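Positions are given from 1 along the sequence. All heavy atoms count here, side chains included; hydrogens, waters and symmetry mates do not. Model, not experiment: these values are computed from the prediction. Both ligands and their constituent atoms are indexed starting at 1 by order of listing.
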Amino acid sequence: MQEKTIIRLCEILGSDRVLQNEPMRLHTTFRIGGPADVFVRIRSAGELCDALRVCREEAVPVYVIGNGSNLLVADKGISGVVLSLSAGEQELFEEAVFKDDGSVAVTVWAGEMLATFAKQATKKGFLGMEWASGIPGTVGGALRMNAGAYDGCIRDCLLAAEVLTKQGERLLKTAEDLSLSYRHSNLEEKGQTALSATFLLRRGNAEEGLARIAELTKLRCEKQPLSYPSAGSTFRRPEGYFAGKLIQDAGLRGYRVGDAQVSEKHCGFVINLGSATAVDILTLIADVKERVQADFGVELEPEIRFLGDFSGLAERVMQACRLQGR
Ligand SMILES: Cc1cc2nc3c(=O)[nH]c(=O)nc-3n(C[C@H](O)[C@H](O)[C@H](O)COP(=O)(O)OP(=O)(O)OC[C@H]3O[C@@H](n4cnc5c(N)ncnc54)[C@H](O)[C@@H]3O)c2cc1C
């Protein structure tokens with residue numbers, strides 16, 4: 001990594017915010033991942049635009065992440081700069097706009113935690129995001145993934161979003177512009193970064209909203225292996241099936257590669273029993289894919305995103321996880 005990039009990032013953000021050789025296992029919910037050359041915490045849209053401009057001008061590879069809750073980072077780490085968006089100092093509802101029809105539009109910085117926003121909105125009687133109260137990602141990551149759970153997803157309550165283009169232009173997009181579909185938006189293919197999201201919520205009874213959150217939290221705790229590191233559902237839901245059920249029916253409940261395991265509690269989750277490596281997780285994903293394909297003729301696709309240097313893995317694993325050329 002060029003010294004000049006580091007010096008320029010330190011100038012705009014302060015040297016305590018620019019970490020070198022930072023282990024990514026400390027910044028992913030899988031608790032897996034080798035070092036990033038440079039890791040920077042970003043707390044506002046202004047900081048993000050400035051940091052991305054420096055990386056563009058210095059021509060260094062740069063990756064924007066949120067809470068790392070849908071990420072598998074390579075054991076060899078990431079060469080380049082990782083910009084990790086996190087909560088800012090602004091009061092969450094500072095920019096709430098009340099409408100005559102009983103709705104309220106709230107704009108939130110992409111680094112805020114989605115679950116914190118959903119819970120605080122509900123407490124204020126701004127309803128419509130109760131479904132998001134257990135998703136451990138940021139608003140930006142949730143926008144990128146069109147995150148969803150139970151009876152809701154980002155597409156249902158997003159009014160607009162501000163994004164930054166590769167060229168450094170700030171654009172306001174409608175929800176429609178983002179082509180939101182099942183766990184997908186067009187941000188990645190366009191190389192755009194979410195700066196903020198404006199959600200349209202309805203004013204209602206806070207107690208009812210909080211009761212719904214309590215009900216969903218109970219369901220999550222009962223069904224999901226929340227006491228182990230994971231990245232949530234490992235696979236996308238194949239058309240007409242549930243990934244977890246297929247994996248269970250293929251006899252893979254509890255199946256292990258090193259410390260990577262198909263959760264005994266919920267077969268749709270791959271968990272880290274303690275010291276799993278990225279290679280363990282990828283090998284397990286390849287094994288599961290092959291077994292489910294052989295038993296049921298269904299192709300599972302990973303929902304989790306891969307980041308970093310995955311070179312040198314077995315061809316079979318590279319192909320299963322579509323890692324060629326990375
Ligand atoms: C226990 C557990 C439960 C989960 N339950 C759910 C669930 O119910 N529903 C669900 O949908 N997901 C669930 N997830 C997965 C995950 O929380 C979501 O996908 C979440 O939206 C990811 O947000 P993040 O900030 O952690 O993104 P990261 O994991 O940091 O990044 C994910 C992707 O988004 C990109 N990205 C991040 N921020 C931005 C940005 N500002 N602009 C553009 N791209 C960006 C990254 O580059 C990466 O490609 C769960 C995960 C865990 C660990």
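At under 3.5 Å, not a single nitrogen or oxygen of Gln192, backbone or side chain, sits near a nitrogen or oxygen of ligand 1. Close N/O approach between Ile65 and ligand 1 is not found [any backbone or side-chain N/O within under 3.5 Å]. Not one N or O of Gly134 is nearer than 3.5 Å to an N or O of ligand 1, by distance alone. For ligand 1, one of its N or O atoms has an N or O atom of Thr138 under 3.5 Å away. At a 3.5 angstrom cut-off on N or O pairs, Ala147 does not count as close to ligand 1. Residue Ala110 has no nitrogen or oxygen atom sitting less than 3.5 Å from a nitrogen or oxygen atom of ligand 1, judged on distance alone. When only interatomic distances are considered, the shortest N/O to N/O separation between Thr29 and ligand 1 does not fall below 3.5 Å.
Proximity of a side-chain donor or acceptor of Glu299 to a complementary backbone N or O of Gln293 within less than 3.5 Å is not detected. Checked by atom type and distance alone, the side chain of Gln261 never pairs as donor or acceptor with a backbone atom of Arg256 at under 3.5 Å. A distance-only check finds no donor-acceptor pair linking the side chain of Arg31 to the backbone of Pro229 [under 3.5 Å]. For Asn146 (side chain) and Ser181 (main-chain N/O), a donor-acceptor pair under 3.5 Å exists by modelled atom type. Listed for the Lys289 side chain is a donor-acceptor partner under 3.5 Å among the backbone atoms of Leu300. Checked by atom type and distance alone, the side chain of Ser185 pairs as donor or acceptor with a backbone atom of Arg144 at under 3.5 Å.
For atom 10 (C) of ligand 1, the candidate residues are Gly232, Gly148, Ala149; the nearest heavy-atom contact is made by Gly148. Between Gly137, Ala115, Ser86, Ala231, it is Gly137 that holds the heavy atom closest to atom 23 (O) of ligand 1. Comparing heavy-atom distances from atom 5 (N) of ligand 1 across Gln224, Arg305, Arg220, Met145 singles out Arg220 as nearest.
When ring centroids are compared, Phe117 and Phe126 stay outside the 6.0 Å threshold.
Between Pro23 and His27, the shortest heavy-atom contact is O-CD2, 3.5 Å. In terms of heavy atoms, Ala121 sits closest to Leu201 at CB-CD1, 4.0 Å. When all heavy atoms of Val270 and Thr234 are compared, the closest pair comes out as N-OG1, 2.9 Å.
When only non-hydrogen protein atoms are considered, atom 40 (C) of ligand 1 lies nearest to Ala194 N, 3.8 Å. Of all protein heavy atoms, the one lying nearest to atom 26 (O) of ligand 1 is Ser69 OG, 2.6 Å. Counting protein heavy atoms only, atom 4 (C) of ligand 1 is closest to Pro136 CD, 3.7 Å. In this structure, the protein non-hydrogen atom closest to atom 12 (N) of ligand 1 is Ile135 CG2, 4.1 Å. Among all non-hydrogen protein atoms, the one lying nearest atom 27 (O) of ligand 1 is Gly141 CA, 3.7 Å. Among all non-hydrogen protein atoms, the one lying nearest atom 21 (O) of ligand 1 is Ala142 CA, 3.2 Å. Looking from atom 35 (C) of ligand 1 to the surrounding protein, the closest heavy atom is Arg144 CG, 3.5 Å. For atom 28 (P) of ligand 1, the closest heavy atom belonging to the protein is Gly68 N, 3.7 Å.
Residue Leu114 does not touch ligand 1, judged by heavy-atom distances below 4.0 Å.
With ligand atoms numbered from 1 in the order given, ligand 1 contributes 1 (C) to contacts under 4.0 Å with heavy atoms of Leu226. Ligand 1 places these atoms under 4.0 Å from at least one heavy atom of Leu85: 41 (N). The contact set between ligand 1 and Thr193, taken as ligand atoms under 4.0 Å from a residue heavy atom, comprises 42 (N), 43 (C). Residue contact check: Arg183 has heavy atoms under 4.0 Å from atoms 11 (O) of ligand 1.
Few gaps surround CZ on Phe296; more than 12 heavy atoms of other groups in view lie less than 6.0 Å from it.
Counting heavy atoms from C-beta on, the side chains of Tyr228 and Leu273 come closer than 4.5 Å. Side-chain contact between Val292 and Phe235: absent, with no pair of heavy atoms (C-beta onward) separated by less than 4.5 Å.
For the pair Arg43 and Glu89, the salt-bridge criterion is not met [side-chain N within less than 4.0 Å of a carboxylate O].
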